[in-house]
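Here's the structure, in structure tokens; my notes come after.
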Amino acid sequence: MRWTQTLIPTLREAPADAEILSHKLLLRAGLLRKLAGGVYTFLPLGLRSLRKVEQIVREEMDRAGAVEVLMPALQPPDIWQQSGRYESARDVLFKVRDSANREWLLGPTHEEVITLLAAAEINSYRQLPKNFYQIQVKFRDEIRPRFGLMRAREFIMKDAYSFDVSDEAAQVSYQKMYDAYTRIFARCGLKTLPVEADTGVIGGKFSHEFMVPAETGENEVVYCDTGNYAANLEKATSQGPITPTPAVSAGAAPERFPTPGVVTIEALASAPYNVAAHQQIKTLIHVVEGKLVIALLRGDDQLNEAKFAGRLGTATFRAATAEEILEATGAHPGSLGAVTSTRTKPEIKVFADEVLRGARGMTTGANEDGFHLRHVDMERDIRVDEWADLRTVRAGELCVSTGQPLKIRRAIEVGHVFKLGTKYSEKLGALFLDEAGARKPAVMGCYGIGVTRTLQAVIEQCNDKDGILWPMSVAPYQVCITPLNVAADNPGMKLAETLYAELTARGVEVILDDRDERPGVKFKDADLVGFPLRVSIGEKSLAKGEVEIKPRGGGVTPVKIEDALPRVLGLVQESEAR
RNA sequence: CGGAGCGUAGCUCAGCUUGGUAGAGCACCAGCUUUGGGAGCUGGCUGUCGCAGGUUCAAAUCCUGUCGCUCCGACCA
């Protein structure tokens, strides 16, 4: 490809609406342009890299035994009503109407469609296992699109769905996908960390997210240096808080004491009260499907909403308003008391975090403005309906499996593998007959990769001050040939043309920078776009019978003209093999 | 949806406080010079000042509304 033939609108400065580095580079390197918030056009170079990521995904999915299909983006709403997700997923559903005013959905994902297909076409255990995948545009009415391709309204996803005869067989399918994902991200040049992930309200143990460590990531990953434990913060557990919970009885009964104006854990922890946060009980009230629920945590702990949702069996809950709390308990939120509210309101279900088990000598609100209770004993003074792990792990706590201190860092989720079970196959009738002639629902798994997000994650991870450093596997072009004088009769340009033709003929993807620009402009652009190899041809080296080969991010190597072709071929092959 | 901020040339931004009829750099076009890391000089083009209403003799500037965008939170690949 000739530079002047394609469109590579590089920018010296990044548009003001790009915040993170990878988003700026996507725009500056001329890979992408925004049409509207969360909606983008891929320019020629961006599309080339995107296609390469897709091709890697396709090859590895095929190798893992999955088969490619293409499902419609447009879906009838009634299948979403059948699965129950018309309501539960309504916040992300894009709805459109046809000329007959009938409603349609733009697919945010395809469990319903594929399960109906399986229901219609798979009848016997002899047809299983099956794994269908597609690479397709998804639509999600994101509450807040951001960071370019990281969270878009319209994005490209690879989604796969496996169908198996049993839990054990589904586990095999799951492992195949897990292994395929490991290969896919490695081939894209990404360092990923597979982490145990929250399974949401479906439950179960089998879900992993593939994370790219990055400060700009929207997830937090808990891990320990042994490499034997990594989990999403939503899922992570530990041996418990570093400071132990008081367990010594400090009085025969709770004692009320005045605390005028104190409505926060912090205020009670400071002078003149000096009740450390870990000696306090935090009382949180949520509204779950119209009913109030109490969650008790140690004062210095944070409620982990994902864990709470898993325990409740629903993700649709919210913090109660100050009015609701006052009406139900007679206290304002800051003075809410675990003792009174759990004892006097039997209709409110009480969950307590495991860390509070056996706690004694605790302090909590008196359920009365301006007063707290001390010498509170969990077992003696508080009614608990269910004990549960509800707290969010903090860095420095010890790992349950390795005993090492846990660390927390931010990461980008690029893939998710999930054992679904029979939720969809039951609701949508994906049943088969087993060897004994019994009708059974297929055991499903689903596996997603954010293809466009992966592309941006590569840029987020592979860059320097000058621009992108594409891994050879996903670079828009492998080699950029840069003649410094582009006059048709110039010996350097003639050599560039020859080399361009020879490399292209051997299957190397080459872009020839045939622009009549100053050398500095060409070098800066080549670095910004990030082609893995650059071959520069100018008067100086030409006079010595040489050209220059420069890997992006590396130093210049002078090479004899006749050696240029084999050297470039060798370097391309070498970095592809890696 | 809650909180914060921003909309002026293709891009980055100034001008707004204190109303007087729109600017700079880069980009783009032409010419000359230059030619190994985003050149120099000369000349030129570029705007419904996001949109609508209001106040005023006069609005980019003040007021109201509205739309869009960005950031923080809940959701997710």
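All values below were derived from every heavy atom in this structure, side-chain atoms included, with hydrogens, water molecules and symmetry-related copies excluded. Below, chain A is the first sequence line, B the second, and so on; all start at residue 1.
Residues R51(A) and S49(A) have side chains that never bring a donor and an acceptor to within less than 3.5 angstrom of each other. Between the side chains of Y447(A) and S162(A), at least one donor-acceptor pair of N or O atoms lies under 3.5 Å. With 3.5 Å as the limit, one finds no donor-acceptor pair spanning the side chains of D179(A) and Y181(A). A donor and an acceptor atom, one from each side chain of E111(A) and T109(A), are located under 3.5 Å apart.
Both S541(A) and I20(A) lie near RNA chain B, and the one whose nearest nucleotide falls closer to the 5' end is S541(A). Residue whose closest nucleotide on RNA chain B sits further toward the 5' end, between P145(A) and T452(A): P145(A).
When the nucleotides rG37(B), rA77(B), rU12(B) are ranked by their closest atom to the side chain of R151(A), rA77(B) comes out on top. Closest approach to the E142(A) side chain among rC75(B), rU35(B), rG36(B) is made by rC75(B) (side chain taken as heavy atoms from C-beta onward). Nearest nucleotide to the R453(A) side chain, out of rA77(B), rG38(B), rC75(B): rA77(B). Residue E13(A) has its side chain nearest to rU12(B) when only rU12(B), rA77(B), rU35(B) are considered. Candidate nucleotides rG36(B), rC75(B), rG38(B) were compared by shortest atom distance to the side chain of R146(A), and rC75(B) ranks first. With distances taken from any side-chain atom of A16(A) to the nucleotides rU12(B), rC76(B), rG37(B), the minimum falls on rU12(B). Residue E19(A) places its side chain closer to rU70(B) than to any other of rU34(B), rU70(B), rC72(B). Here the nucleotide nearest the side chain of R28(A), chosen from rU12(B), rG38(B), rC69(B), is rG38(B). Of the candidates rC75(B), rC71(B), rG38(B), rG38(B) carries the atom nearest the K524(A) side chain, counting heavy atoms from C-beta on.
Base engagement by E539(A) is indicated by at least one non-hydrogen atom pair under 4.0 Å involving a base atom. F147(A) comes within 4.0 angstrom of sugar-phosphate atoms only, judged by non-hydrogen atoms across all strands, and of no base. Contact annotation for K34(A): backbone-only contact, meaning every heavy-atom pair under 4.0 Å involves sugar-phosphate atoms and none involves a base. Residue-level contact check: D17(A) touches the backbone only, with heavy atoms under 4.0 Å from sugar-phosphate atoms and none from bases. When heavy atoms are screened at a 4.0 angstrom cut-off, I156(A) is found touching no nucleic acid atom at all.
To the nearest angstrom, P of rC76(B) lies 8 Å from CG of D198(A). rC76(B) atom C1' lies 16 Å from atom CD of E220(A), rounded to whole Å. In this structure, the CG atom of L233(A) is 12 Å from the P atom of rC75(B), given to the nearest Å. Put simply, CD on E234(A) is 13 Å from P on rG73(B), counting in whole angstrom units. Rounded to an integer number of Å, the gap from CD of E154(A) to C1' of rA77(B) is 14 Å. Here rC76(B) presents its P atom at 15 Å from NZ of K235(A), a figure rounded to the nearest Å. Residue E517(A) contributes atom CD, which lies 14 Å from atom C1' of rG36(B) at whole-angstrom precision.
A salt bridge links R2(A) to E497(A): one of the charged nitrogens lies within less than 4.0 Å of a carboxylate oxygen.
Contact of S536(A) with rG36(B) (side chain to base): no donor-acceptor pair of N or O atoms is detected under 3.5 Å. Under 3.5 Å, the side chain of R140(A) and the base of rC76(B) form no donor-acceptor pair of N or O atoms.
Across all strands shown, rA24(B) pairs with rU12(B); the Watson-Crick or G-U wobble distances both stay below 3.5 Å. Under the Watson-Crick or G-U wobble criterion, with both distances below 3.5 Å, rG2(B) is paired with rC72(B). rC62(B) and rG54(B) make up a base pair, with Watson-Crick or G-U wobble contacts both under 3.5 Å. Across all strands shown, rG19(B) has no partner, as no Watson-Crick or G-U wobble contact with both distances under 3.5 Å is found. With a cut-off of 3.5 Å on both Watson-Crick or G-U wobble distances, the partner of rC32(B) is given as rG40(B).
Taking only side-chain nitrogens and oxygens, R144(A) comes nearer than 4.0 Å to OP1 or OP2 of rC72(B). Taking 4.0 angstrom as the limit, R12(A) places none of its side-chain polar atoms (N or O) nearer than this to OP1 or OP2 of rG38(B).
Between D198(A) atom CG and K307(A) atom NZ the span is 10.0 Å, to the nearest 0.5 Å.
Ring-base stacking between F155(A) and rA77(B) is satisfied, the centre separation being under 5.5 Å and the plane angle under 30°.
A cation-pi arrangement is present between R48(A) and Y477(A) under the rule of less than 6.0 angstrom and at most 45 degrees off the ring axis.
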